[in-house]
Q: 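So that we are looking at the same thing, I have put the structure below in structure tokens.
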Amino acid sequence: MPPIRSRSSKNLIEQEGRILLAIQAIKKQEIRTIAAAARTFNIPRSTLRDRLNGHTERSTTRANSYKLTELEEESLEKWILSIDRRRGAPRPSMVREMANLLLKKRGTTPVLLVSENWVTNYVKRRPLLSSRFSKRYNYERAKCEDPKIITEWFNLVQKTILQFGIDPDDVYNFDETGFAMGLTATAKVISRSEFYGQRALL
């Protein structure tokens with residue numbers, strides 16, 4: 001069962017969403033002034049000004065050691081679990097890069113970045129996630145991949161993009177996200193924990 005949020009927590013998350021929209025509108029020059037953006041999105045002008053100057057609201061970061069908001073961390077967790085369900089658990093470097101992409105989307109200056117050890121601490125505070133070592137992929141099996149199956153998969157991807165009108169900016173190539181194609185050695189990855197498996201059976 002998902003955690004029950006208090007009304008104040010929900011309000012903070014909703015305000016954070018409006019702040020991000022306001023920042024985006026200013027960056028795209030859809031709204032010219034901070035005052036106008038604050039009125040349009042019903043947020044404090046001082047808060048918006050601080051965020052544009054690179055400051056992060058303490059109530060949304062929960063602590064100075066937290067770079068992402070709770071909502072951003074939940075989104076990242078869902079992405080990891082989605083990748084894991086497709087048997088492609090991401091490596092720590094890939095998770096770190098996705099976290100940095102979330103920070104970049106805020107549009108703040110300077111752009112915030114997570115540290116090298118951030119992923120380790122992130123996994124520790126997310127009970128549905130764990131780190132493990134992937135199994136070595138058999139080289140002979142890799143050489144025998146069926147080209148027909150691969151072609152059909154890419155055709156399905158293209159069909160899905162056209163069917164749901166997915167914007168090209170929302171599609172990431174493997175090289176853009178650091179996905180380890182053809183990785184044959186054992187590597188550390190981030191995947192779902194045993195707790196997640198038990199929860200899925202409930």
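Predicted, not measured: the structure shown is a model, and the values here were computed from it. Computed over heavy atoms, backbone and side chain alike; hydrogens, waters and symmetry mates excluded.
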Q: For the backbone of L71 and the side chain of S75, can you confirm whether one donor and one acceptor N or O come within less than 3.5 Å of each other?
A: yes

Q: Treating S193 as the side-chain partner and S130 as the backbone partner, does any N or O pair qualify as donor plus acceptor under 3.5 Å?
A: no

Q: In chain order, what residues pass the side chain to side chain contact (heavy atoms under 4.5 Å, CB included) check against K104, with sequence neighbours excluded?
A: V111

Q: Going from OG1 on T120 to CZ on R96, what distance comes out if it is rounded to the nearest 0.5 angstrom?
A: 9.0 Å

Q: Are L20 and L103 connected, step by step, through hydrophobic side chains (Ile, Leu, Val, Met, Phe, Trp, Tyr) whose heavy atoms are closer than 4.5 Å?
A: no

Q: Kindly compute the distance separating CZ (R18) from CG (L48), expressed to the nearest 0.5 Å.
A: 12.0 Å

Q: Which atom pair, heavy atoms only, marks the closest approach of L68 to A99?
A: CD2-O, 3.9 Å

Q: Does L76 share a hydrophobic cluster with V189, counting links as ILVMFWY side-chain heavy atoms below 4.5 Å and allowing steps through other members?
A: no

Q: Any link between L113 and L101 through a network of hydrophobic side chains (Ile, Leu, Val, Met, Phe, Trp, Tyr) touching at under 4.5 Å?
A: no

Q: With rounding to the nearest 0.5 angstrom, report the CD1 to CE distance, I80 to M98.
A: 9.5 Å

Q: Just by distance, do the side chain of R45 and the backbone of A38 share a donor-acceptor pair under 3.5 Å?
A: no

Q: Measure the CG-CZ distance between L81 and R126 for me, rounded to the nearest 0.5 Å.
A: 9.5 Å

